Structure formats: C-alpha cells, structure tokens
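Taking it in order: structure first as structure tokens, then the write-up.
All values reported here derive from a predicted model rather than from experimental measurement. Nothing fancy with the numbering, it's 1 onward along the sequence.
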Amino acid sequence: MFFEKKVDTRSRAAMIAFLTRHYRYNTANSWNAGSSYAHCIKIGRLGLTQDQTSRAFHFLGADYWDEIRDPIDDFTVEQDGHYTIGTNGRSSGYLVLYDSHYESTGHKSFCPACGQRNFTEAPGPCGVCKKPRVNFKTPPRRLAVSMNAIDHGEDFTDWTMDALRARVKLVGDFDRACDDIRSNFIDLLECNVVVEETVMVPTKRAVIRPLAAYATS
C-alpha cells in the first residue's frame, strides 16, 4: 500500500477526514476551478529507489502507458463505466478520478471481412470492400469522460453513513488502482530497458516513369 489508506468505516469522523484530506487535482485546467481525488505520479513522488529513479527517467521518452494501464481498465469496468481514471497536468504527472459513462457509438452493423463499421443495419454491402455486412448482436459503445469536479469543496456534514461508506469505497478503489499502476511501472523498470531503434516509415511520392512500362495491351 503506497497510495491506499485504511479507513475506519464505522466512524463518521474518520471517513470525513479521509475524504476531505485526500490529495486532489484539477479535472481540467486550473482556471476551471474544479478538482477531484488524485495522486501525483511524478518520478520523484513514487517512492522509488535511487536505481529505479535513474532508470525511470530513461522511460519518459518511450510510450509505456499501454504496458501499465490495465488497472485503469479494470477499475472502469468494476465501476460499470460511471467512473474512470485519467492523467492530467504537465507531462501527465497526476492520476485523477473522473466521472464517466458509456454511450452508444451509433454503429448498427459491420463487415466481417475488413471490420468496417456502418451506421445502417444489414443487409447491405460494405462501403470499403463490398462484402456483405452483418448486424451487431450487442451495439458497440464507447466511454465518455466528464471534466466535472467530484466533491470539490464538499464538507460531507449532511451525508448519511451509507453515502459516506460508498464514497470511501470508491476513493479507496481508486487509490488501490493507482497502487497497481505504480507496481506495474516498477515491474516495467525492473524487467525492461529502453533502446533506440530506427523505424523506416513508408511514404508516397509522385515520380515519373516511362509510359510504355504502364501501357496496357
């Protein structure tokens, strides 16, 4: 437990203290005056060893989030999409609890051959490869994230014990997910190394060629 804290959920005072003293950060820009529960994940604030800290700076130039973000996806699913975790701040140095919800993408069918989605129901040809489309059995959806503040300036005085416990559980689950993200990052440092590779990217350009080479009989 690095971010997660034990809270006596039998005590109103303990739960209110936990919620009101929890670290917070902006949900959008600072001038929006809205904040939510958060944790600073800058390298110097993660409790790393000296060797881990040295290695961590080498990872900043690499795209490593896909390697450590599983706890975010798991948290979002556990919250049925009502809450998620995102990054904010300069260099994404903060993990923030956000309001969210699932919404339909509007697609009704897809092409099994190429995967192209369509906003109309089958039957009908794919607009890309002309193969037959089929309808989705379960309409696809996406996660929409809100920049609304969560408990910004709330003193919780009028909250019931059940409401306080529910909020403490939510924030505790958020803290635990942040711990898991931190653990994944440390595992990444211990088991991997950053190397530079040259990647050749294909590009199209207009060139002149003899007409005869492209003439059709």
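Judged purely by atom type and a 3.5 angstrom limit, Arg55 uses its side chain to pair as donor or acceptor with the backbone of Leu189. A distance-only check finds a donor-acceptor pair linking the side chain of Arg182 to the backbone of Leu46 [under 3.5 Å]. Checking side-chain atoms of Arg165 against main-chain N and O of Thr9 turns up a donor-acceptor pair under 3.5 Å. With hydrogens and angles disregarded, a donor-acceptor distance shorter than 3.5 Å links the side chain of Lys5 to the backbone of Phe3. Between the Ser36 side chain and the Thr27 main chain, no donor and acceptor come within less than 3.5 Å of each other. Tyr25 contributes no side-chain N or O that, together with a main-chain N or O of Asn88, makes up a donor-acceptor pair within less than 3.5 Å. The main-chain N or O of Ala122 is found under 3.5 Å from a side-chain atom of Asn135 such that the two form a donor-acceptor pair. A side-chain donor-acceptor contact under 3.5 Å links Ser146 to the backbone of Asn148.
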Could you walk me through whether Phe119 and His107 satisfy the ring-ring contact (aromatic ring centres under 6.0 Å, His included) test, starting with their C-alpha distance in whole Å, then the side-chain angles of each, then the deciding distance to 0.1 Å, before giving a yes or no? CA-CA 4 Å; Phe119 291 104; His107 295 101; 4.3 Å; yes
Does the side chain to side chain contact (heavy atoms under 4.5 Å, CB included) test come out yes or no for Leu60 and Ile43, once each step is laid out? CA-CA 10 Å; Leu60 293 183; Ile43 290 177; 3.8 Å; yes
When you look at Ile181 and Arg69, which way does the side chain to side chain contact (heavy atoms under 4.5 Å, CB included) test go after all the steps? CA-CA 7 Å; Ile181 294 167; Arg69 64 163 291 115; over 6 Å; no
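The minimum heavy-atom distance between Ile16 and Asp155, with the atom names listed, is CG2-O, 3.8 Å.
Rounding to the nearest 0.5 angstrom, the gap separating the CG atom in Asp151 from the CG atom in Leu19 is 7.0 Å. Here OH of Tyr37 is found 8.0 Å from CZ of Phe18. Values are rounded to the nearest 0.5 Å. One distance of note links CZ of Arg24 with CG of Leu97; it measures 9.0 Å at 0.5 Å rounding. The distance from atom OG1 of Thr120 to atom NZ of Lys108, rounded to the nearest 0.5 Å, is 8.0 Å. A distance of 10.5 Å separates NZ in Lys130 from CZ in Arg133, rounded to the nearest 0.5 Å. Atom CG of Leu164 sits about 5.5 Å away from atom CZ of Arg12, to the nearest 0.5 Å.
Residues Met147 and Asn29 have side chains not in contact (no heavy-atom distance under 4.5 Å, counting atoms from C-beta outward). Residues Arg167 and Leu170 form a side-chain contact, since some pair of their non-hydrogen atoms from C-beta on lies under 4.5 Å apart. No side-chain heavy atom of Lys131 sits less than 4.5 Å from a side-chain heavy atom of Pro125. Between Val96 and Ile85 the shortest side-chain heavy-atom distance does not fall below 4.5 Å. Val134 is listed as a side-chain neighbour of Pro112, based on a closest heavy-atom distance under 4.5 Å. When side chains are defined from C-beta on, Thr105 counts as touching Arg117, because their heavy atoms get closer than 4.5 Å. Put simply, the side chain of Cys126 reaches to within 4.5 Å of the side chain of Cys114, judged on heavy atoms. Within the 4.5 Å cutoff, the side chain of Thr87 has no heavy atoms near those of the Tyr94 side chain.
Using cut-offs of 30° and 60° on the angle between ring planes, the pair Phe185 and Phe59 is perpendicular. Under the 30°/60° scheme for interplanar angles, the aromatic rings of Phe174 and Phe75 are found to stand perpendicular.
Using modelled atom types and a 3.5 Å distance limit, the side chains of Thr84 and Thr76 yield a donor-acceptor pair. In summary, the side chains of His82 and Asp99 do not present any donor paired with an acceptor at a separation below 3.5 Å, with no hydrogens or angles considered. If you check the side chains of Asp162 and Thr160, you find no donor sitting under 3.5 Å from an acceptor. Residues His22 and Asp175 bring a donor and an acceptor atom of their side chains to less than 3.5 Å of each other. Neither side chain, Thr49 nor Asp51, offers a donor N or O lying under 3.5 Å from an acceptor on the other.
When ring centroids are compared, Phe136 and Phe110 come within the 6.0 Å threshold.
No more than 12 heavy atoms of other residues, nucleotides or ligands shown are found within 6.0 angstrom of CD on Gln50.
Linking ILVMFWY residues whenever their side-chain heavy atoms come closer than 4.5 Å, directly or via other members, places Leu143 and Tyr98 in the same cluster.
Both tests hold for Arg141 against Tyr102: distance to the six-membered ring centre under 6.0 Å, angle to the ring axis within 45°.
Taking a cutoff of 4.0 Å between a charged side-chain nitrogen and a carboxylate oxygen, Arg176 and Glu4 qualify as a salt bridge.
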